[in-house]
Amino acid sequence: MTPWLTPHSPQVQAIATLFTQFLVVAAVVFLSVCGLITYCVVRYRARQSGEEPPQHAGSRGLEVTWTVIPLLIVLVLFVLTLRTMAFVDAPQNPARDPDLVITGHQWWWEARYPGAPVTPAITANEIHIPVGRRLLARIESADVIHDFWAPQLARKIDAIPGRPSYIWLQADAPGTYEGTCSEFCGMQHAGMHFRVIAEPEPAFMAWLEHQAAPPSPPTGLAAEGASLFIERKCGDCHAVSPADTRSLIGPPLTHVAGRKLLSGDRPLTAQNLALWITSPQAIKPGNRMPNQQLSAAEVQALTAYMEALP
Amino acid sequence: MSEAALPLPAAESRSAALDWLSTIDHKQIGILYMLLALFFFLVGGVEAMLMRAQLALPNLKFLAPEAYDQTFTMHGTTMIFLVVTPVLIGFSTYLVPLMIGARDLAFPRLNALGFWLQLAGSVLLYVSFAAGGAPDAGWFSYAPLSEKPYSAHAGLDYWALALLLLGTSTTLAAINFIVTIAALRAPGLTIRRLPLFVWMTLVNSGLIVFAMPALNAALVMLLMDRRLHAHFFDAAQGGAPLLWQHYFWIFGHPEVYILVLPGFGMISEIIPVFSRKPIFGYDFVAASTLAIAFLSYGVWVHHMFAVALGKVFLSVFAASSMLIAVPTGVKIFNWAATMVGGSIRFTTAMLFAIAFLLEFTIGGLSGVAFAIVPIDWQLTDTYFVVAHFHYVLFGGTAFALFAGAYYWFPKMSGRMLNETIGKWNFWMVVIGFNLTFFVQHILGLLGMPRRVYTYPNLPWWGALNAISTFGAVILGMGSLIFLVNLASSLIFGAKAGNDPWDAWTLEWATASPPPPENFENVPGVNSRRPLWDLKAGRTAGAPAARPWAARKPEPLFGMKLFVLSEAVFFFLLIVAYIYFRTTGMAAARSSLHLGESATLTACLVASSFTMWRASASGDLKRARLWIVATMTLGLIFLLGQGAEYWRLFQQKVTISQSLFGTTFFTLTGFHGLHLLVGIAALAVLLALTRLRGHQPIAVKVVGLYWQFIDLVWLVIFSIVYLGAWV
Amino acid sequence: MTTWDLLISAWDWEPSVVVGCLALAIAWLILARPRLPRHTPLFFGGTLLLLLDLVSPIDVLAGKYLFSAHVVQHFLLAFLIPPLLLLGTPRALAKRALRYRAVTAIERILAKPAVAWPIGVVPMIAWHLPPLFNAALASEPLHIFQHLSFLVTGVIFWWPIAGPLTERRPSALGSIVYLFSACTACSILGAALTFTPLGAYPAYANIMDRSEIVRLIHTGWGLDPKSDQQLGGMLMWVPGCLVYLTAILATVARWYAAERLEASQ
């Protein structure tokens with residue numbers, strides 16, 4: 001995960017600047033306290049004479065000084081805070097539909113694109129956005145409190161059940177930006193990574209259209225896998241069609257083969273897919289997927305089916 | 001080593017063990033608190049080591065995720081509730097009476113009860129390990145993660161129950177401190193001459209009295225949700241997960257100051273003594289403590305800046321959170337200025353105090369980062385937070401506690417702690433602490449979230465975490481050296497004498513360890529440094545030295561404080577009700593019978609009158625009649641309420657059926673429970689008068705509680721019943 | 001329209017208010033003769049604030065456009081103006097007034113903390129409950145009564161704390177409890193206003209008026225009705241608490257100083 005101190009959106013840029021300003025102020029304060037204490041320690045260590053030092057017990061002028069100066073510093077920081085807040089959370093038109101609805105689940109991220117010209121498009125853990133456009137994202141939760149955090153692109157925001165929140169999501173340049181959940185949400189909090197993939201507008205639109213289209217019917221081994229998928233009730237939790245918004249207990253698999261990563265943190269390969277299917281608790285212990293006790297051949301068929309969902 | 005071998009204060013008695021178990025002496029109870037805290041410091045330390053081991057390198061599998069979650073939850077809960085809170089209470093219990101020239105706390109038996117509740121709560125928390133699993137939702141247990149569907153085993157139930165016990169214990173201790181400091185000061189020891197440690201204990205106790213009930217209210221709601229299927233935090237039924245966060249942090253942020261203020265007090269005693277100068281700006285150090293105390297109730301939302309709460313709302317809390325840095329800064333500058341022009345002796349205690357100044361400044365400054373809302377939007381819930389609060393609670397409180405231990409151990413045990421081992425202790429702790437936690441700032445800036453059981457192998461993450469773990473090992477060894485020093489000095493330490501540091505507060509005027517009665521004669525006080533005056537022969541004009549004279553503790557004052565604390569509890573339950581009503585919860589109007597409850601309300605009002613008559617009556621026989629009348633009216637009310645509950649159950653209005661049921665039964669149920677306690681107290685009182693004759697003060701104390709319960713009902717009646725028709 | 005235009009143009013010189021304030025000032029001048037006591041600026045500051053509160057753009061905004069401005073108006077009437085007026089009242093004047101038996105009798109009852117507290121706090125909460133608040137907005141006489149009641153109950157509330165008869169003030173601890181409990185009550189009100197859903201005060205949620213002022217508020221200041229109501233709640237909450245806090249700190253300082261006196265004797 002690349003730190004937010006190398007920002008890729010104007011909003012995060014503003015926060016990074018503010019942080020630098022804060023760091024300078026904090027350093028000055030800390031060094032002056034350090035200096036004062038070092039001076040005392042060196043200058044006023046006990047002498048042999050045993051004489052008591054002058055019993056000086058206070059000074060109103062000094063008290064006022066070190067109350068007023070910090071007050072002024074705080075005032076400056078407060079003004080900077082207000083300005084940056086107003087920029088990062090710039091007001092949106094209340095009537096505007098969100099471009100993107102991101103829902104936190106234990107322990108994966110769902111992304112829908114209700115504002116797009118081509119809908120329904122739904123994906124998991126890999127969120128595509130067009131470069132340079134400021135998107136209004138609505139953040140929701142399906143279960144406990146999560147926190148959506150793509151450090152280089154946006155501020156973090158809590159995803160709270162029953163209480164949607166909004167942020168601006170924007171990327172300056174094409175690229176892949178890491179993100180993660182930033183509010184403890186249970187056993188796989190550590191495994192709740194995601195990626196934001198920023199692409200030029202045409203590439204994004206093409207991707208969106210592809211996501212909104214149903215996958216082509218599987219053939220051969222993949223077709224066997226598809227019937228196994230139904231037989232074993234995989235579809236109770238996983239969607240394999242963009243229109244299916246009902247079964248979202250697990251991440252939608254509609255165009256799973258088109259994703260780079262499996263479960264947000266490892267390459268999407270046949271081996272890893274097979275590992276997930278055979279021992280679901282091996283990669284992310286605690287997740288809700290049961291072990292279906294499948295035979296090797298069945299696993300092979302299901303893997304082939306997954307790979308046939310580009 | 002048996003406890004009998006400890007050179008600690010002990011009354012002559014049949015057996016040492018029994019003596020310690022049955023003690024009501026503040027010095028023994030103080031030491032029990034500290035030993036309990038020391039034990040759990042080891043436990044919490046082991047938990048910390050387990051976490052650091054798991055995080056030493058990326059993708060380790062040393063602890064399973066569920067074990068890691070339990071470990072960090074228990075580490076936080078242990079360190080806050082079972083270590084820092086009791087050790088601070090222990091110090092205050094031990095030192096406050098000595099410092100103000102009193103013989104004991106105002107209510108010695110209450111003090112003992114507080115300790116045993118603390119022990120019971122601690123044990124209860126750890127029983128969870130054996131009962132299916134420890135709590136695993138973090139020390140602030142955000143709902144709904146802490147609700148039954150997401151944490152099914154009983155760990156969180158134990159957590160909530162244990163915290164209720166611990167909170168009660170802490171509140172009792174706080175009330176005891178306030179009454180003691182208000183009523184039992186030596187002649188001439190005015191508020192402006194109080195040792196700053198006592199001052200800060202006083203302010204701190206005030207904070208506790210008002211902050212703990214917020215935690216209690218939140219815990220009660222959580223338990224209702226978990227055990228009785230209520231819906232306080234259940235969004236699907238109209239509940240509000242955010243309510244937990246508000247209530248928890250209304251307690252939680254004052255709690256942060258509760259955990260550091262006594263530390264500030266210790267530093268304010270130690271730095272002057274080892275600089276041979278009075279504290280610089282006494283009035284300002286005292287006043288800034290008050291400012292911090294008041295502000296601390298108005299900053300809790302900075303824990304929730306990542307929640308979209310509205311810009312105006314966030315800005316206001318940003319301002320207050322930044323503002324609270326100012327009085328804290330004033331303190332730091334005054335401590336540093338105390339050293340200026342002094343004659344500094346670098347004892348281990350003083351070294352820890354100086355290190356405290358620097359570490360706490362770092363913790364304070366990184367705290368300002370979280371008041372700056374946009375920075376918080378990146379940094380909250382990362383390792384930067386972990387670094388920040390360890391600089392506050394370890395670099396701040398724990399360093400102050402080490403300093404305090406080196407400073408007061410001679411008084412408590414009669415023996416000096418070894419200074420050579422002390423220096424080793426100091427340097428290992430300073431180096432280990434900074435290695436462990438400074439790098440965590442950087443990890444936070446790099447984007448490492450807190451509470452992750454493992455992390456991917458990203459540039460620098462592994463190396464920095466390895467450094468942190470390495471530092472933790474040094475820190476752990478440094479802390480063990482402290483234990484070694486404690487144990488060996490108890491046996492081999494040099495004799496301390498009454499006043500080894502040439503100090504000037506009253507505790508140094510008596511023997512080390514002090515005799516059971518504390519003082520033969522309390523020196524006259526006419527300045528902030530009575531012993532300094534005594535040594536310099538400047539005692540003219542001071543009240544004469546006099547034996548400790550028994551003064552009346554003030555139970556009525558204690559009850560007033562308790563009632564205030566309870567008032568906050570009901571206040572928050574009522575606010576929750578109002579909140580749900582304004583956000584769309586419908587009152588089950590058809591199920592509430594206004595006439596019936598108005599009759600019951602009249603019953604309670606009448607009982608207020610009879611109770612008042614009982615308190616005002618000097619004649620035992622008449623007082624008894626009035627008490628019986630009060631009890632009868634209370635019972636009629638409870639029976640009436642029982643009938644109402646029955647009717648509501650018949651109509652399927654239950655605690656789990658709707659949000660209204662949830663809030664209605666919790667609010668009226670807790671009121672009923674309090675009323676029941678009131679009736680029981682009156683019954684005890686009747687029995688007591690039979691045994692010991694008239695107890696006018698006890699009647700007044702119970703009477704005050706009774707009037708309070710009645711007042712609460714009037715508020716509930718107007719809001720829940722009359723308000724249902726608004 | 002700019003903010004400046006608003007500040008210049010939106011004044012409502014309601015004659016009754018102007019006459020009332022003038023009468024207050026003149027009466028005070030006559031009563032305080034012959035020498036102006038040193039509290040004079042406090043009293044006149046209070047009077048001026050009262051005048052501004054009721055005729056300046058705050059009043060115009062409060063009347064039709066901004067819930068938050070209305071809260072500011074009430075806040076000044078009940079929290080700030082009464083203590084200023086009281087602190088500006090010389091002791092001798094109060095003593096003179098208390099020579100009349102009727103005044104003494106009334107003062108004896110109203111100055112009791114147990115009486116003054118509810119008289120000060122209950123109207124503050126009651127008037128902000130949506131039904132009463134909206135009714136006062138709809139009816140001018142009720143609105144005037146509302147403002148008068150804030151002023152009068154405010155004076156009664158602050159009398160034991162800031163009144164000229166210092167020897168009759170409650171003990172330091174008593175004053176702190178008095179103020180702190182009022183602060184708590186006021187915080188609830190502030191919090192409730194902050195979290196109350198939009199629409200409880202319909203006059204501000206959907207302003208019918210399409211004047212320049214509305215445009216200034218919405219686009220110039222970026223204050224939508226939701227933020228406006230939240231701001232109103234926060235204004236009741238925070239500055240309210242600050243006033244009480246200041247009074248508490250003043251009480252503590254006074255107690256502290258008194259103890260120094262006692263200790264030095």
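Residue numbers begin at 1 in each chain, while the letters A, B, ... track the order of the sequences.
The closest side-chain heavy-atom distance from A/F19 to B/L379 is below 4.5 Å. Here the side chains of A/Q188 and B/P65 are in contact, with some heavy-atom distance below 4.5 Å. Annotation: side chain of B/W377 is in contact with side chain of A/D89 (closest heavy-atom distance under 4.5 Å). B/N334 has its side chain within reach of A/W66: a pair of non-hydrogen atoms, C-beta onward, lies under 4.5 Å apart. Here the side chains of A/P151 and B/Q378 are in contact, with some heavy-atom distance below 4.5 Å. By the 4.5 Å heavy-atom criterion applied to side chains, B/P456 and A/H193 are counted as neighbours. B/F333 has its side chain out of reach of A/T65: every pair of non-hydrogen atoms, C-beta onward, lies at least 4.5 Å apart. You'll find the side chain of A/Y44 stays beyond 4.5 Å of the side chain of B/M339, heavy atoms only.
Proximity to chain A is limited to the side chain of B/P241, based on heavy atoms less than 4.5 angstrom apart. Looking at B/F140, the atoms closer than 4.5 Å to chain A (heavy atoms on both sides) all sit in the side chain, from C-beta outward. With a 4.5 Å cut-off on non-hydrogen atoms, B/A64 does not touch chain A at all. Neither the backbone nor the side chain of B/R528 has a heavy atom closer than 4.5 Å to any heavy atom of chain A. The parts of B/T380 that come within reach of chain A are both its backbone and its side chain, each placing non-hydrogen atoms under 4.5 angstrom from that chain. Neither the backbone nor the side chain of B/W460 comes within contact range of chain A; no heavy atom of the residue lies under 4.5 Å from a heavy atom of that chain. For B/I279, the part lying under 4.5 angstrom from a heavy atom of chain A is the backbone only.
Atom CZ of residue B/F280 and atom OG of residue A/S59 lie 5.0 Å apart, to the nearest 0.5 angstrom. Here B/I375 contributes atom CD1 and A/T81 contributes atom OG1; the two are 7.0 Å apart, rounded to the nearest 0.5 Å. Taken to the nearest 0.5 Å, the NZ atom of B/K277 stands 12.0 Å off from the CD atom of A/E52.
Distance alone, capped at 3.5 Å, places no donor-acceptor pair between the A/R155 side chain and the B/D376 backbone. Proximity of a side-chain donor or acceptor of B/K311 to a complementary backbone N or O of A/M85 within less than 3.5 Å is not detected. Without hydrogens or angle criteria, A/Q55 side chain to B/R276 main chain gives a donor-acceptor distance under 3.5 Å.
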### Message
With side chain to side chain contact (heavy atoms under 4.5 Å, CB included) as the criterion, how do A/S165 and B/V307 come out once you've worked through the C-alpha distance, each side chain's angles and the decisive distance to 0.1 Å?
### Response
CA-CA 8 Å; A/S165 350; B/V307 180; over 6 Å; no
### Task
Dump the intermediate steps for side-chain hydrogen bond (donor to acceptor under 3.5 Å, both in side chains) on B/Y150 and A/Q106, then the final yes or no.
CA-CA 10 Å; B/Y150 303 104; A/Q106 273 184 331; 5.8 Å; no
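The side chain to side chain contact (heavy atoms under 4.5 Å, CB included) test with B/M322 singles out one residue from A/L75, A/V74, A/I73, A/L71, and that residue is A/V74.
Taking a 6.0 Å sphere around NZ of B/K535, one finds it holds more than 12 heavy atoms contributed by other residues, nucleotides or ligands.
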